[in-house]
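Since we're looking at a predicted model, the values are computed, not measured. Worth knowing before you read on, the calculation uses all heavy atoms, side chains too, and leaves out hydrogens, waters and symmetry mates.
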Amino acid sequence: MYNLPEGADEGGFLDWRLNHHQNANAALPGVLRTDFAKVVKAWPDQAVPRFRFATILEWPDVEAFERAFYAPSVQAELLENIKRLGEHEYSICEILTSSDNVEDAQS
């Protein structure tokens, strides 16, 4: 999750993030899914969101993540890309359980 630095061109950032960077994330070895989101609210209702954007990448397991994410070329690009960001936090999570509740669109 991250913010842009003060005075950053958000439109220019979004153009880069929604195109080049989204494709680069999706092309990382083993990535099953990648999402990019704009944080629009926080909870409870009076809370102020700490971050403006969130990126989520999903790998099939921790080992696949580590092989891809910690590759020297990926780390070098990551360090370069971080220069575009303000405050940021990378949380690395291991999914312990998951549920899909997809309803039939015709219902």
Working to the nearest 0.5 Å, report the span between [atom1] of [X] and [atom2] of [Y].
X: Arg67; Y: Asp61; atom1: CZ; atom2: CG; value: 6.5 Å
X: Leu18; Y: Phe13; atom1: CG; atom2: CZ; value: 8.5 Å
X: Tyr70; Y: Leu78; atom1: OH; atom2: CG; value: 10.0 Å
X: Leu28; Y: Phe65; atom1: CG; atom2: CZ; value: 10.0 Å
X: Glu66; Y: Ile92; atom1: CD; atom2: CD1; value: 8.0 Å
X: Leu85; Y: Asn3; atom1: CG; atom2: CG; value: 9.0 Å

Handout entry: Gln75 and Phe69, any side-chain heavy atoms less than 4.5 Å apart
Key =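 In contact.
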
Of the non-hydrogen atoms in [X] and [Y], which two are nearest, and what is the gap between them?
X: Thr97; Y: Ile95; answer: O-CG2, 3.2 Å
X: Gly30; Y: Pro60; answer: O-CD, 3.2 Å
X: Glu77; Y: Ala24; answer: OE2-CB, 4.4 Å
X: Trp59; Y: Pro29; answer: NE1-O, 2.9 Å

Got a donor-acceptor contact below 3.5 angstrom from the [X] side chain to the [Y] backbone?
X: Asp100; Y: Val102; value: no
X: His88; Y: Gly86; value: yes
X: Glu58; Y: Val31; value: no

Assigning hydrophobic clusters by single linkage (Ile, Leu, Val, Met, Phe, Trp, Tyr; side-chain heavy-atom cutoff under 4.5 Å), is [X] placed with [Y]?
X: Met1; Y: Leu79; answer: no
X: Val62; Y: Leu32; answer: no
X: Ile82; Y: Leu14; answer: yes
X: Phe36; Y: Phe51; answer: no

Handout entry: Cation-aromatic face contact Arg17/Phe53, 6.0 Å, 45 degrees
Key =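 No, Arg17 does not sit over the ring of Phe53.
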
Practice task
Write out all pairs satisfying salt bridge (Lys or Arg N to Asp or Glu O under 4.0 Å) with one or both partners inside residues 21-35, taking only residues at least two apart or from two chains.
Solution key: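 For residues 21-35, and leaving out neighbouring residues, the salt bridge (Lys or Arg N to Asp or Glu O under 4.0 Å) pairs sorted by first residue read Arg33-Asp35.
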
Exercise for the section: Please lay out, stage by stage, how Thr55 and Tyr2 fare under the test side chain to side chain contact (heavy atoms under 4.5 Å, CB included). Expected result: CA-CA 9 Å; Thr55 297; Tyr2 48 92; 3.0 Å; yes

Practice task
Provide the full list of side chain to side chain donor-acceptor pair (under 3.5 Å) pairs with a residue in residues 5-16, sequence neighbours left out, each pair given once.
Solution key: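 Qualifying pairs, neighbours excluded: Glu10-Arg52, Asp15-Asn19.
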
